[in-house]
Amino acid sequence: MDTLLENAKEAHEREKGMPPFPYDPPPRISLIAAFAQDRASLADTENSGQFMTRSSTVGLEPHVSKSSLADLRARNSILISDSDFPTVQLSQMMVRRTHLGSVLICRIITPSKRTVSVQFGAEDTAGDVVMVSLYNYPGTIGAKIDLLDTLFPLGTVLAIKEPTLKTSLAGGLPHIRVDCPSDVVRLTSGNTPSSRTRWRTGERVPLAPEPPFTEEGWKALGNKYFQSGWFTSAALAYSTGLARTPSSQVLRLNRAMTYLKLGHGGAALSDCNYALGQNGLPASLRVKALYRKAQALYGLGQWGEAELAFKITSSEFPSERVPCTTWAEKCRKRRQQTETGNYDWLEMYTTSLSKTKRLDVADYKGDIEVVAFPTRGGGRGVIATKDVVAGQLLLVSKAFVSAFPDDCDPPEILFIQNLITMRGQRGCGASLGTKVAERIAGDPGCARLVYDLYAGPSFPPPPSTYVLEQAPPTGVERFLDFDIPVDIARIEAVLSFNSFQPSGPPLPSKKDSDDPSALFLLPSLFNHSCNPNASWVCFGDIMVIRAARDIPKGSEVFIAYRLGDGSFVKRQETLRHYFDKCTCDLCTLDRADGEVACKKRDALEGKISKWHTVGKARQGIQNLEQTYKKKRKHHDLTMTYACLHLARVQKREGDVLGFFRTAMSALQQAGLAITDKSVNGALRVDPHLVVDDLPIRKTVPPMMGAMGDTYIETCIAIGNAFQYHYGDDRRAYRWTGAAVWLHDIRYGGGSSLFNAHLLDPELKSKVPFY
């Protein structure tokens, strides 16, 4: 993958340095035939239900037009004055050039297809043709060709702001590449052009659908799309109908429902409030407006106002009492969550195991705050506002956007070459930029929440503070007619430095192609440590951050961007795009050991799985020990893995006593205080003291943040060995109890979540409470 990335980077830099040349439009019939052939092939693949493999490159420095189209929006035509936006024809354009200050007026002449971008053939008014590749356009993630036909019907007239003609790195004809959806404005719906536009090839595009001309027609079209689950297309249909009949409250309330489905609570709220403000609104529409307004407030996280709105709806329309009562109870539960941090962790876990990865819970912020840290890359960090104890809940945060494999049916395998981080990735991350654009389309005010995150050294630094509360939501009257530019270049950079792969519980999938991806806002403000004092896990699209050990008031709270395995040399390979040098205590200890010793350690780590005998494992551990300075108090994850590998080999070879001693020694060496290392005979504590009946002291080890799961799994293994090899139920339960306590530090949820998450079914009912 490194070679592929380097080649892609070199090709991009080489392309930037090459001179522009005039665009030579291909024959119209050739372009149409090529699209027809590609569409047929794509349709066969879609109908077969096969996995779709797609690739994308991030970091190609996309152009973002900052020019205003207020004049276009006001006239809803192509009356563009030469002094404002002079039009450009394809015959005047140059390949490898962005035509600043110009607009290309074109219309779609071929059915669309999708790779990662949406592609279609277009013609200008002179009849010259070109392929358009449109990236990051709302509603296109996982879109099949029948959905694309509703978003980009034949004959649709577009204004492309400051168009760029590019060559294809894979060969083929030059094409217009549009990375920012705000650079495309729909001038007409369907194929009805402005009376001032004259198309050389004729007024109509062959086979273009006839658009509706009445309120009822647009309602029927929007309803058809809504029932098919094509909510972006439905919102466009209702919006187009409203542009022609602004007084239609039926279209407005139907659009409000569609906005709710798209997660655009502010836009839905605006439509409902507008309808409720009209005199003489029929009761049949008023009940819909009240009910959907309450749902919009719920979607915006305004729990108190939402509860009141549901009560008002129920009072005025008793027929809605049952659903409104259910919703009101949900509002009270969400308000309690955000105020107290009390969650049903077991329910969250079981929900995250289902296909529904997006959980309905409220955010919570504990005893932390964001402060300025001028020495950090992003200039900010998070500190504890009070003394915090290990396991204390610090933050529950819902993803701003998230992508999971099940979002597409059938799932798509995406290969991403990121030229910003110079890392390759397989998973869902390629769609996050589109999802951010979708959020901005429905709520322009939320753009600041993304743009104020760290975007790397190539962009201006973000503000020293971060305000999570966004501006009051505004309406979206002209859907997908963006009021502000969608700065996809900055969005790509923000995602490159801040996106997470939601993981555990359940534990991450072992298939790279299944890797989910998400952008979390407040969690992005935490700085990194390879040995963090806080740990994060995800339940679906919900991130939970807990203290991994006690944190004094005023101290910075760190999380790990990656595991603390390997030496600083190996870790730095992953972390180098975040900062030049990690200065955490673990990396400081590694540097004191010396780079030569660390490289030797990394080489030995790669061989651990090949230590198939006790003798080889012991010799490997001795060699590892020589890479650490003698005065180093605690080792690291590499040594712990090595010792635990030895323990597994001992157990496999029948040396259960050796397994106990090695596993316990590994835990103790890493900093866990073991109070009872006995393997037989009397216990070291009163067996009747169930609450404190653990073989470890309840003090959190130094490496809990980086190695929490390792400690938990080891304690479970020790407990299982006592149960199955010695028949020693009491010691088995005590070590399992230690695992429960450590699990609660990392995940919360007590023994009920532990039982569901990790425990052997035969032991589930026997775990002691603590």
Side-chain angles (χ1 to χ4, degrees), residues 28 31-49 52 54 106-123 129-158 160 175-176 178 181 184-193 199 201-202 204-213 217-241 255 258 261-262 407-410 412 431 434 437-438 441 479-481:
R28 178 189 185 91
L31 183 72
I32 294 174
F35 266 88
Q37 182 177 357
D38 290 346
R39 278 264 299 199
S41 175
L42 184 61
D44 290 341
T45 304
E46 288 182 356
N47 294 333
S48 70
M52 304 290 285
R54 307 179 190 273
C106 62
R107 63 180 179 179
I108 300 174
I109 61 170
T110 71
S112 304
K113 61 178 182 177
R114 182 177 67 88
T115 52
V116 173
S117 66
V118 173
Q119 299 173 341
F120 49 79
E123 68 173 355
V129 299
V130 69
M131 183 178 80
V132 178
S133 296
L134 182 55
Y135 288 80
N136 305 303
Y137 201 82
T140 60
I141 298 172
K144 297 181 180 180
I145 55 178
D146 50 357
L147 171 54
L148 293 177
D149 289 342
T150 69
L151 286 171
F152 307 100
L154 291 173
T156 301
V157 181
L158 305 173
I160 301 179
H175 63 284
I176 291 178
V178 184
V184 176
V185 179
R186 295 167 180 264
L187 297 183
T188 62
S189 175
N191 68 332
T192 306
W199 302 94
T201 57
R204 291 178 55 83
V205 172
L207 303 179
E210 188 74 27
F213 291 97
W218 286 108
K219 172 190 170 184
L221 186 62
N223 290 353
K224 174 185 175 182
Y225 294 160
F226 185 93
Q227 291 163 7
S228 298
W230 302 336
F231 301 122
T232 301
S233 301
L236 278 171
Y238 295 136
S239 295
T240 306
R255 185 174 68 175
T258 308
K261 290 292 187 179
L262 290 168
D407 288 350
C408 298
D409 184 21
E412 297 180 351
S431 65
T434 305
E438 290 175 343
F479 187 53
L480 298 186
D481 186 5

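Any value given below was found using the heavy atoms of this structure, including those in side chains, with hydrogens, waters and symmetry copies removed. For clarity, every value in this text was computed on a predicted model and none was experimentally measured.
- Checked against side chain to side chain donor-acceptor pair (under 3.5 Å), Ser233 has the following partners two or more places apart in sequence or in another chain: Thr150.
- The heavy-atom pair separating Thr434 from Tyr137 by the smallest distance is CG2-O, 3.4 Å.
- Donor-acceptor pairing under 3.5 Å is recorded for the side chains of Ser239 and Arg255.
- Proximity of Ile160 to Cys106: side-chain heavy atoms (C-beta onward) are separated by under 4.5 Å at one or more points.
- Within the 4.5 Å cutoff, the side chain of Arg186 has heavy atoms near those of the Leu158 side chain.
- Residues meeting the side chain to side chain donor-acceptor pair (under 3.5 Å) test with Ser112, sequence neighbours left out: none.
- Note: Leu147 CG to Phe152 CZ = 9.0 Å, rounded to the nearest 0.5 Å.
- Distance check, rounded to the nearest 0.5 Å: CG of Leu31 to CD1 of Ile109 gives 5.5 Å.
- With sequence neighbours excluded, the residues forming a side chain to side chain donor-acceptor pair (under 3.5 Å) with Thr201 are Arg107, Glu123, listed by chain and number.
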| task | Please lay out, stage by stage, how Ile108 and Val132 fare under the test side chain to side chain contact (heavy atoms under 4.5 Å, CB included). | result | CA-CA 9 Å; Ile108 300 174; Val132 178; over 6 Å; no
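- Under the salt bridge (charged side-chain N to carboxylate O under 4.0 Å, His left out) criterion, Lys113 pairs with Asp38, not counting sequence neighbours.
- Scanning both residues, Gly155 and Val205, for their nearest heavy atoms gives CA-CG2, 3.8 Å.
- Summarising the geometry of Phe231 relative to Thr258, their closest heavy-atom pair is O-CG2, 3.1 Å, with the distance given to 0.1 Å.
- At a threshold of 4.5 Å between non-hydrogen side-chain atoms, the residues Trp230 and Leu236 do not count as touching.
- Checked against side chain to side chain donor-acceptor pair (under 3.5 Å), Asn223 has the following partners two or more places apart in sequence or in another chain: Tyr238, Asn254.
- For the residue pair Gly121 and Thr110, the shortest heavy atom distance occurs at N-OG1, 2.7 Å.
- The distance from the CZ atom of Arg114 to the CZ atom of Phe120 is 14.5 Å, given to the nearest 0.5 Å.
- At least one side-chain heavy atom of Arg39 sits under 4.5 Å from a side-chain heavy atom of Asp149.
- In terms of heavy atoms, Leu154 sits closest to Leu207 at CD1-O, 3.8 Å.
- Closest non-hydrogen pair, His175 versus Ser133, comes out as CD2-OG, 3.2 Å.
- If you take OG on Ser117 and CE on Met131, they are separated by 7.0 Å, rounding to the nearest 0.5 Å.
- Side chains of Thr232 and Phe479 form a contact here, defined as non-hydrogen atoms less than 4.5 Å apart.
- Distance CG/Leu134 to CD1/Ile176: 11.0 Å, rounded to 0.5 Å.
- Panel note: side chain Thr45, backbone Ser41; a donor-acceptor pair is recorded below 3.5 Å.
- Here Phe35 pairs with nothing under the ring pair (Phe, Tyr, Trp, His ring centres under 6.0 Å) rule; sequence neighbours left out.
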